[in-house]
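One structure below.
In what follows, every heavy atom counts, from backbone to side chain, and hydrogens, waters and symmetry copies are set aside. For ligands, and for the atoms within them, numbers begin at 1 and follow the listed sequence.
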Amino acid sequence: QRDAVGEDFDALIAADQRIEPRDAMPEKYRETLIRQIAQHAHSEIIGMQPEGNWITRAPSLRRKAILIAKVQDEAGHGLYLYSAAETLGVDRAELLDRLHDGRQKYSSIFNYPTLTWADCGAIGWLVDGAAIMNQVPLCRCSYGPYARAMIRVCKEESFHQRQGFEILWTLMRGTPEQQAMAQDAADRWWWPALAMFGPPDTGEAAKGGHTEQSMAWGIKRFSNDDLRQKFVDMMVPQADKLGIVLPDPELRWNEERGHYDFGEIDWDEFWRVLRGDGACNAERIAHRRRAHEDGAWVREAANAYAAKHASTVTA
Ligand code: FAQ
């Protein structure tokens with residue numbers, strides 16, 4: 001029986017077909033997807049906080065309306081992704097517990113502070129830009145519900161990236177102070193955005209990594225370093241258009257490779273942030289826990305309504 005299950009799964013993966021919730025799958029495949037999808041969902045809802053910080057201070061009504069819509073989209077992406085994770089037989093309440101007590105991660109990037117309005121531009125341009133680069137290939141992920149969720153998410157992320165670019169574009173055509181603010185935001189977000197793609201493919205860090213297995217299963221379609229390189233290649237011309245100087249003296253076109261070379265990422269900083277020692281880790285989790293506790297009455301009311309509705313239907 002188990003062998004037959006394994007053969008069906010292997011055949012579907014080999015034929016590049018989708019695995020659906022009712023299909024048999026190896027336990028490790030299920031666990032990997034729960035980890036990745038949950039981490040992705042947690043990133044979306046924790047990721048509401050850095051920009052949420054600027055909703056009351058957005059510089060115009062138009063900027064405020066756009067920012068509220070963007071932050072709402074992030075909440076929606078979280079809900080979509082928790083639903084996709086639930087198809088693997090895990091409850092979202094359990095996943096939130098794992099986030100709140102630190103058993104599951106969220107993206108390193110959201111542990112950095114949003115100090116000025118330009119940071120909302122830098123997040124849209126760089127963080128959503130990196131998110132799209134990483135997520136477009138996930139639309140072809142072997143797990144059906146995750147792949148399908150990614151299609152809509154990517155469409156919305158494209159809008160997010162454009163709005164971030166447009167914030168910076170406007171600032172770069174403003175006063176010298178506004179230009180300096182945009183440049184400063186890009187200086188602070190560039191390196192953390194490169195680290196978002198995860199540890200390098202080679203060396204010590206790669207040893208405990210998931211890439212090889214996840215690529216064999218068709219969950220990941222590209223390695224972390226390949227996506228990072230694609231991102232750098234995409235962003236350099238955009239920075240030129242904006243008039244922003246990326247904070248890397250080693251950044252230059254390599255004719256032979258047909259790619260941009262770039263400097264060394266501070267991986268010590270990355271691991272430190274993952275261990276909880278970034279500028280905002282404690283604040284982000286404390287805020288999330290408080291929001292969860294404050295929302296308890298909504299969950300209770302929804303459950304009471306669902307129970308009442310169920311008894312009405314059966315009566
Ligand atoms: N942060 O072997 P790998 C967004 C961990 S976009 C924290 O390479 P994997 C949109 C990794 O979990 C951000 N941890 O792992 C938005 C593993 O730890 P473990 C979210 C990281 O899974 C924009 C260890 O390092 N996007 O939210 C990070 O094969 C603006 C070894 O790494 C996604 O989650 C990191 N950056 O590849 C929202 C996309 N990188 O479990 C608001 C889906 C690695 O062994 C505002 N996820 N780690 O203890 C993925 O594509 C993958 O999970 C990777 C990591 C590529 C992130």
Among all protein heavy atoms in this structure, tell me which lies nearest to atom 14 (N) of ligand 1, with the distance rounded to 0.1 Å. Q39 NE2, 3.4 Å
At a 4.0 Å cut-off, with the gap strictly under it, does some heavy atom of F222 reach an atom of ligand 1? no
With D128, the side chain to side chain donor-acceptor pair (under 3.5 Å) member among Q135, Q161, K70: K70
Show me the pairs that pass side-chain hydrogen bond (donor to acceptor under 3.5 Å, both in side chains) and involve residues 275-287, at least two apart or across chains. H287-R290
Please tell me if the side chains of T87 and Y143 come closer than 4.5 Å, counting only heavy atoms from C-beta onward. yes
Looking only at distances, please establish whether an N/O atom of ligand 1 is found under 3.5 Å from an N/O atom of N224. yes
Think R173 forms a cation-pi with W169, using NZ or CZ under 6.0 Å from the six-ring centre and within 45 degrees of its axis? yes
Does R188 reach the side chain of Y112, with side-chain heavy atoms less than 4.5 Å apart? no
Atom 24 (C) of ligand 1 within contact range, any protein heavy atom under 4.0 Å: no
Tell me whether atom 54 (C) of ligand 1 lies less than 4.0 Å from at least one protein heavy-atom position. no
When you measure from atom 11 (C) of ligand 1 to every protein heavy atom, which one gives the shortest distance, and what is it? R35 NH1, 4.1 Å
Quick one: does S214 get an N or O within less than 3.5 Å of an N or O on ligand 1? no
I'd like to check whether Y146 has a polar contact with ligand 1, where a contact means an N/O of the residue lying under 3.5 Å from an N/O of the ligand. no
